[in-house]
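Let me begin by presenting the structure, written as structure tokens, before commenting on it.
A, B, ... follow the sequence lines: proteins, then strands. Residue 1 opens every chain.
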Amino acid sequence: MYVAAKGGEKAIRNAHALLGKRRRGDAGLPSITLDQIAQQLTLAVDRVMAEGSLYDVELASLAVKQARGDLIEAIFLIRAFRTTLPRFGNSRPLDTGDMLVRRRASATYKDLPGGQLLGPTFDYTHRLLDTSLGGEGGEHAVETGSDAPLAMPRVTDLLGQEGLIEAAPEDDGSEPFDITRAPVSFPVDRATRLQTLARGDEGYLLALGYSTQRGYARSHPFVGEIRFGDVEVVLDVPELGFEVSLGTVQVTECQMVNQFKGSAEVPPQFTRGYGLVFGQCERKAMSMALVERALRWQELGEEPGSPAQDEEFVLSHCDNVQATGFVEHLKLPHYVDFQAELDLVRRMRAEQAAQMKEAAE
Amino acid sequence: MATLARAEAGEIDAVLARLAPLPSAADLRPPEVGLVMLRGRTGGDGAPFNLGEATVARAAVRLADGASGFAYRLGRDARAARAAAIIDALWQDADRRAAVEAALKPVRARLAGEVAQVRAETAATKVDFFTLVRGED
């Protein structure tokens, strides 16, 4: 039976007020500031910017606070915010070769021009909880080296000079597809995949990237290079007739170098997968590069059949805002749907009982 | 322009204060906040793709004495964008340019200092590899 339901306004109002109180926690403690979140929970803020697909440290910090540390909720808030603003234009492609490098590592060359710079990394830590962090931390003195700028060519450029690695697809001047402006229909081009993966869920891409290492679309990857640092944002302003520098953003870039492809015309070369992510999101950049490479199976003449190669599956499920929206909507009222199902299951049971009675007679 | 895009709001106010008295400024474009789609290149050097957006504040002004200026800055500080546009307009005036440059000097020094500090701190984490000699003697 169908019964229209209305109500709950008061309950919702009170629930949101309670959420506010629980978010604040013990009122005797100081409220955490956005600067504190940005400075001390930096990697959470970076992840929110990357998957929220909006670079704004202050907004992402606010979202982390408002979401009580639930990063997917924070990403949702950021995605909702971005729909409220007009778009002024598209930047010139970021030049990651001209980065103020804060970290750089290569698993393929130990002596590369510019060197390997560990930067602020969890690598090589012992993963032992540091109880001293529970108290008030003081100043942290660090060693310093030379502040002279160093040229740091990308590892792929070094391999490319010898023709040992495939060249990146050429810039033919055409506008890249924008998944935020037009509906996606499969199959898609590489630019569309990269945009989708760049805002995709880190955990999901990590699992898919991991699956390629375990043999589902094996591509024998090496980290050619990971670099993290500041890059300049440059915008062409049509009404001014020249380009302007808007400031800098931080990005992580991963160049994955993978096994070979050759043909009658081209001798065997390494192939590549690419990852680029806002902020210091190394795990994400690496996972993105692995999955990006796996999705190129057709172009590289590889055997299909593994989950990470299935473009429609991978790209349709990597957005955690879409995913959480559809999964979490299941808890919203479905009373009418459920009434119909209840009615159906009762009828089926009655029919079955009648049939059994008939058979017994 | 690049300096004004990277300056803190407080620094921009300090620059304006140093340049006072200022001619009045009218908005050519009222300060507003919007988005710019940041692009990357496939493989770092190939065909472009859309990476994600960033917030940007912009403004354009015309000073009472005729010079116009504009500003585009990452972030959402529309007031700072307008102040930066006024500084840009003052810079267009050849008579004021030296004063503007002088007022911007501390900002440039602060920015250069920060870059140098990042480089120096990062350089200390550079790996010095040494090759282990095989025991074949």
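Of the two parts of A/Glu225, neither the backbone nor the side chain holds a non-hydrogen atom closer than 4.5 Å to a non-hydrogen atom of chain B. With a 4.5 angstrom heavy-atom cutoff, A/Pro120 does not touch chain B via any of its atoms. Contact of B/Val118 with chain A is made through the side chain alone, with heavy-atom distances under 4.5 Å. Residue contact with chain B, scored on non-hydrogen atoms closer than 4.5 Å, involves the backbone and the side chain of A/Tyr55 alike. With a threshold of 4.5 angstrom between heavy atoms, A/Asp172 does not approach chain B through any atom at all. For A/Ala148, the part sitting under 4.5 Å from any heavy atom of chain B is the backbone (N, CA, C, O) and nothing else.
In this structure, the separation between OG1 on B/Thr55 and CZ on A/Phe81 is 7.5 Å, given to the nearest 0.5 Å. Going from atom CG of B/Leu35 over to atom OG1 of A/Thr84 covers 7.5 Å, rounded to the nearest 0.5 Å. Within the model, atoms CG of A/Leu276 and CG of B/Leu51 stand 4.5 Å from one another, a figure rounded to the nearest 0.5 Å. From A/Arg92, atom CZ reaches atom CG of B/Leu38 across 14.0 Å, with rounding to the nearest 0.5 Å. Remark: B/Arg76 CZ to A/Leu59 CG distance equals 3.5 Å, nearest 0.5 Å. Here CZ of B/Arg39 is found 9.5 Å from CG of A/Asp171. Values are rounded to the nearest 0.5 Å.
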Run A/Leu100 and B/Arg119 through side chain to side chain contact (heavy atoms under 4.5 Å, CB included) and show every step you take. CA-CA 8 Å; A/Leu100 172 61; B/Arg119 287 204 176 107; 3.8 Å; yes

Please walk me through it: do A/Phe88 and B/Arg58 pass side chain to side chain contact (heavy atoms under 4.5 Å, CB included)? CA-CA 9 Å; A/Phe88 295 160; B/Arg58 70 177 176 187; 3.4 Å; yes

Could you walk me through whether B/Met37 and A/Asp178 pass side chain to side chain contact (heavy atoms under 4.5 Å, CB included), step by step? CA-CA 9 Å; B/Met37 174 57 86; A/Asp178 186 350; 3.7 Å; yes

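Between chain B and the options A/Asn90, A/Val57, A/Val234, the largest number of non-hydrogen pairs under 4.5 Å is found for A/Asn90. The choice from A/Gly119, A/Pro93, A/Ala168 that makes the most heavy-atom pairs within less than 4.5 Å of chain B is A/Pro93. Interface check for chain A: of the options B/Ala124, B/Gly34, B/Gly75, the most heavy-atom pairs under 4.5 Å are formed by B/Gly34. Chosen from A/Glu143, A/Glu170, A/Arg102, the residue pairing most often with chain B at heavy-atom distances under 4.5 Å is A/Arg102. Counting heavy-atom pairs closer than 4.5 Å to chain B, the top-ranked of the candidates A/Leu54, A/Val142, A/Thr96, A/Leu94 is A/Leu54. The candidate with the highest count of non-hydrogen atom pairs below 4.5 Å against chain B, out of A/Thr180, A/Leu240, A/Val244, is A/Leu240. Interface check for chain B: of the options A/Ser146, A/Ala198, A/Gly115, A/Ala50, the most heavy-atom pairs under 4.5 Å are formed by A/Ser146. Here B/Ala47 is the residue among B/Ala57, B/Gly52, B/Ala47 with the most heavy-atom pairs under 4.5 Å with chain A.
For the pair A/Arg190 and B/Phe49, the NZ or CZ position fails the cation-pi test of under 6.0 Å to the six-membered ring centre and within 45 degrees of the ring normal.
Within the 4.5 Å cutoff, side-chain heavy atoms of A/Arg154 are placed close to those of B/Asp45. Annotation: side chain of A/Gln116 is not in contact with side chain of B/Lys126 (no heavy-atom distance under 4.5 Å).
Of the possible donor and acceptor atoms, none in the side chain of B/Asn50 sits under 3.5 Å from a partner among the backbone N and O of A/Ile179. A donor-acceptor pair is defined here as one N or O able to donate and one able to accept, closer than 3.5 Å; such a pair exists between the side chain of A/Arg272 and the backbone of B/Gly43.
Between the side chains of B/Arg6 and A/Ser245, at least one donor N or O lies within less than 3.5 Å of an accepting N or O.
For B/Glu101, the CD atom is densely surrounded, since the number of other residues' heavy atoms within 6.0 Å is greater than 12. Around atom CD of B/Gln117, no more than 12 heavy atoms belonging to other residues, nucleotides or ligands sit under 6.0 Å away.
Near-neighbour residues of residues 9-32 of chain B relative to chain A, defined by a heavy atom under 4.5 Å from a heavy atom of that chain, comprise B/Arg29, B/Glu32.
Minimum heavy-atom separation, B/Pro48 to A/Ala191: O-CB, 3.8 Å. Contact between A/Val233 and B/Leu74 at its shortest, heavy atoms only, is CG2-CD1, 4.1 Å. Closest approach of B/Tyr72 and A/Val237 over heavy atoms only: OH-CG1, 3.5 Å.
Between B/Phe70 and A/Phe242, the distance from one ring center to the other falls under 6.0 angstrom.
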